[in-house]
Amino acid sequence: MSVHINAKKGDIADTILLPGDPLRAKYIAETFLEDVVQYNDVRNMFGFTGTYKGKRISVQGTGMGVPSISIYVTELMNEYDVKKLIRVGTCGSIHKDVKVRDVIIAQSASTDSKMNEIIFKGISYAPTADFDLLLKAYNAGLEKGLSLRVGNVFTEDVFYNDHAEHEKWAEYGILALEMESSALYTLAAKYGRQALSILTVSDHLLTGEVTTSEERQTTFNDMIIVALEAAIQE
Ligand SMILES: O=P(O)(O)O[C@H]1O[C@H](CO)[C@@H](O)[C@H]1O
Ligand SMILES: O=c1cc[nH]c(=O)[nH]1
């Protein structure tokens, strides 16, 4: 058991999907995995282990924001020896060419989070996806006939931010905003593990288009299938 996960060693697979929303974790386990066992209910941050096409996979809610995901991924890597971590999250587009329900693979994650300032003290570290996982996810998307976007996303600390400079960030190639990927990539690098964030655009900050919370919870299947197919490739 770790502080926030009441699983025994061995209960969690070495490959894990990480949605922010614990109910998305439940949906993924119930919809895509077989022989599912729930291993965590601490704080209702559900975690499950099952199989996908015969391979053992876990799925764990991480909560929202850098501090929350940092707790879960640190415990998963440090205490449960998880080796491949794939975030399956939602994001808000700030780019005119990135539409609601598009799927983005986050090659890199810029951030205004304080976490990397605390770690790197003035150096502007570039949190980066694992290339092997990225390639596998991209190829899985191609095989499914999906046109995936690959690029830089922005991990923000403030969801309701009146001071954000979306236009400038989009000009510099940022596709969308979310709240966890920079921490996932930084911590995976620290522990020498593979990490990737795959995101579905849930809303558009330029057009005002949104998806419902039920849609966000349950209908982003393309992203989940891409993540699972990448996860099972050797
Ligand atoms: O849908 P999830 O994975 O939680 O991701 C996005 O949604 C939350 C904000 O609504 C933040 O966690 C953000 O990163
Ligand atoms: O973090 C997020 C997620 C969805 N939409 C946003 O604007 N931000």
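When a ligand or atom number is given, it counts from 1 through the structure's own listing order.
Taking only nitrogen or oxygen atoms, main chain and side chain alike, T90 reaches within less than 3.5 Å of ligand 1. Below 3.5 Å of separation, one finds no N or O of F159 facing any N or O of ligand 2.
Close contacts of ligand 2 with S202, meaning ligand atoms under 4.0 Å from a residue heavy atom, involve 4 (C). Annotation for ligand 1: atoms under 4.0 Å from non-hydrogen atoms of F159 are 9 (C), 10 (O). Within ligand 2, counting atoms from 1 as listed, the ones closer than 4.0 Å to a heavy atom of M179 are 1 (O).
The closest protein non-hydrogen atom to atom 3 (O) of ligand 1 is R87 NH1, 2.8 Å. Counting only heavy atoms of the protein, atom 5 (N) of ligand 2 lies nearest to D203 OD1, 3.0 Å. Remark: minimum distance from atom 11 (C) of ligand 1 to any protein heavy atom is reached at E180 OE2, 3.5 Å.
A donor-acceptor pair is defined here as one N or O able to donate and one able to accept, closer than 3.5 Å; such a pair exists between the side chain of S68 and the backbone of T62.
Of the candidates T155, L205, V210, T211, L205 brings a heavy atom nearest to atom 7 (O) of ligand 2. Of the listed options S68, G63, G20, G61, G20 places a heavy atom closest to atom 4 (O) of ligand 1.
Only the backbone of C91 comes within contact range of ligand 2, with a heavy atom under 4.0 Å; no side-chain atom does.
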